[in-house]
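Read through the structure below, which is laid out as structure tokens, and then see the notes.
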Amino acid sequence: MLVETRKLNKREINVVTSLDVAETFEKEHRRILQDIRELGCSEEFRQHNFVQSEYLNQQNHKQPMYYITRDGFTLLVMGYTGEKAMKFKEDYIRQFNAMEATLQGKLIEREKGIVVRQAFTKALKESGENERTHGHAYSLYTDLIYKAIFGKNTKQLREEYGITKQENLRDFFSQEELAKVKSVEMIVSGLVDCGWGYDDVKDFITNSTKKLIAA
């Protein structure tokens, strides 16, 4: 069974799927769906912890499934008995806990990044770069930073992650990637504050020191 992070109900949460639960506990998937539907929990708990979705079966037909949070998983499998069931419950509760710690670290990094990005945006505005680029300074410099770190611009990264312009690209970065973006934004912000122009900044972060900046 795989614990994964997904954005559901407008928030990032750690989940498993009902398909994984069925495979892990060697039950028919329809039985797992039935167990979920027959849980005596409140509707509020159900909506927050069992998010209905779909998958394609071997005949390429859409079939129902659920994404299940840690709390939903715990409640669902509470009644599953036997030595094997107990081992799986313990293993996947540990997985959820580990993923929660990772997600918390990412959220903290996101908060730090917001502060740095505000200073970065202010530096671009006060330098006159935004006027010079007709309001495109932030996107130009962001593309420059992403290319230095990932080798791809914003559009290419969105295509890689398969997301739209309405979704926040940084929600899909790992904690380590967010830290790199924050570090390079701090450097670029400082250079812009010192009066460096776009071409000078580009030369600086794409020359032989690039690896040191993005490390």
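For the numbers below, each heavy atom of this structure counts, side chains included, while hydrogens, waters and symmetry mates do not.
Paired with E44 under the rule side chain to side chain contact (heavy atoms under 4.5 Å, CB included), one option of H48, R46, Q47 passes, and it is H48.
The shortest distance between side-chain heavy atoms of N14 and R70 does not fall below 4.5 Å. Between I32 and Y66 there is no side-chain heavy-atom pair separated by less than 4.5 Å. Side-chain contact between E177 and I149 is absent, with no heavy atoms from C-beta onward closer than 4.5 Å. For the pair D203/W196, no side-chain contact is recorded, criterion being any heavy-atom separation below 4.5 Å from C-beta on. At least one side-chain heavy atom of F45 sits under 4.5 Å from a side-chain heavy atom of L75. Between S18 and L33 there is a side-chain heavy-atom pair separated by less than 4.5 Å.
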Inset, instruction - Take L56 and K62 through the test side-chain contact (heavy atoms from CB on, under 4.5 Å) and record every step on the way to the result. - result: CA-CA 5 Å; L56 294 177; K62 289 183 179 179; 3.7 Å; yes
Inset, instruction - Verify side-chain contact (heavy atoms from CB on, under 4.5 Å) between V201 and F204, making sure each step is shown before the conclusion. - result: CA-CA 5 Å; V201 173; F204 184 80; 5.7 Å; no
Legend entry - Verdict with supporting geometry, I68 and T17, side-chain contact (heavy atoms from CB on, under 4.5 Å): CA-CA 6 Å; I68 307 170; T17 70; over 6 Å; no
Inset, instruction - Apply the test ring pair (Phe, Tyr, Trp, His ring centres under 6.0 Å) to residues Y55 and H61: give CA-CA distance (whole Å), side-chain angles for both, the deciding distance (0.1 Å), then the verdict. - result: CA-CA 8 Å; Y55 74 99; H61 294 155; over 10 Å; no
Inset, instruction - Take T142 and F120, measure what side-chain contact (heavy atoms from CB on, under 4.5 Å) needs, and give me the verdict at the end. - result: CA-CA 10 Å; T142 299; F120 174 52; 4.2 Å; yes
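Checked for salt-bridge contact, E185 and K182 miss the test: no charged N lies under 4.0 Å from a carboxylate O. A salt bridge is defined here as a Lys NZ or Arg NE, NH1 or NH2 lying under 4.0 Å from an Asp or Glu carboxylate O, and D171 with R110 meets this definition.
Under the 4.5 Å side-chain heavy-atom criterion for grouping Ile, Leu, Val, Met, Phe, Trp and Tyr, V192 is not connected to M186 through any hydrophobic cluster. Transitive grouping of hydrophobic side chains (ILVMFWY, heavy atoms separated by less than 4.5 Å) brings Y80 and F50 into a common cluster.
For the residue pair Q34 and R31, a side-chain donor N or O sits within less than 3.5 Å of a side-chain acceptor on the partner. A donor atom on one side chain and an acceptor atom on the other are not found under 3.5 Å apart for Q52 and Y67.
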For residues 112-119, please give each side-chain donor-acceptor pair under 3.5 Å, one per line with the distance, not counting sequence neighbours.
none

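The main-chain N or O of D20 is never found under 3.5 Å from a side-chain atom of E23 such that the two would form a donor-acceptor pair. A donor-acceptor contact shorter than 3.5 Å is absent between the side chain of R158 and the backbone of I163.
If you look at Y146 and F173, their ring centroids are closer than 6.0 Å. Taking the six-membered ring for Trp and the full ring otherwise, Y141 and H136 have centroids separated by 6.0 Å or more.
The minimum heavy-atom distance linking P64 with H29 is given by the pair O-CE1, 3.2 Å. Here the shortest heavy-atom pairing between I205 and L144 reads CD1-CG, 3.5 Å. Of all non-hydrogen atoms in L124 and S127, the two that sit nearest each other are O-OG, 2.8 Å.
Atom CD of E111 sits about 10.5 Å away from atom CD of E109, to the nearest 0.5 Å. Note that the OG1 atom of T154 and the NZ atom of K152 stand 12.5 Å from one another [nearest 0.5 Å]. Rounded to the nearest 0.5 angstrom, M65 CE and L19 CG are separated by 5.5 Å. Atom CG of residue D143 and atom NZ of residue K147 lie 8.0 Å apart, to the nearest 0.5 angstrom. Atom CG of L76 sits about 12.5 Å away from atom CG of D71, to the nearest 0.5 Å.
Aromatic ring pairs are classed by plane angle as parallel below 30°, tilted from 30° to 60° and perpendicular above 60°; the pair Y161 and F172 is tilted.
Crowding of Q156 atom CD: a count of heavy atoms from other residues, nucleotides or ligands under 6.0 Å exceeding 12. More than 12 heavy atoms of other residues, nucleotides or ligands lie within 6.0 Å of CD in Q59, so this atom counts as buried by the packing criterion.
Taking the centre and axis of the six-membered ring of Y138, the NZ or CZ atom of K125 falls outside the cone set by 45° and 6.0 Å.
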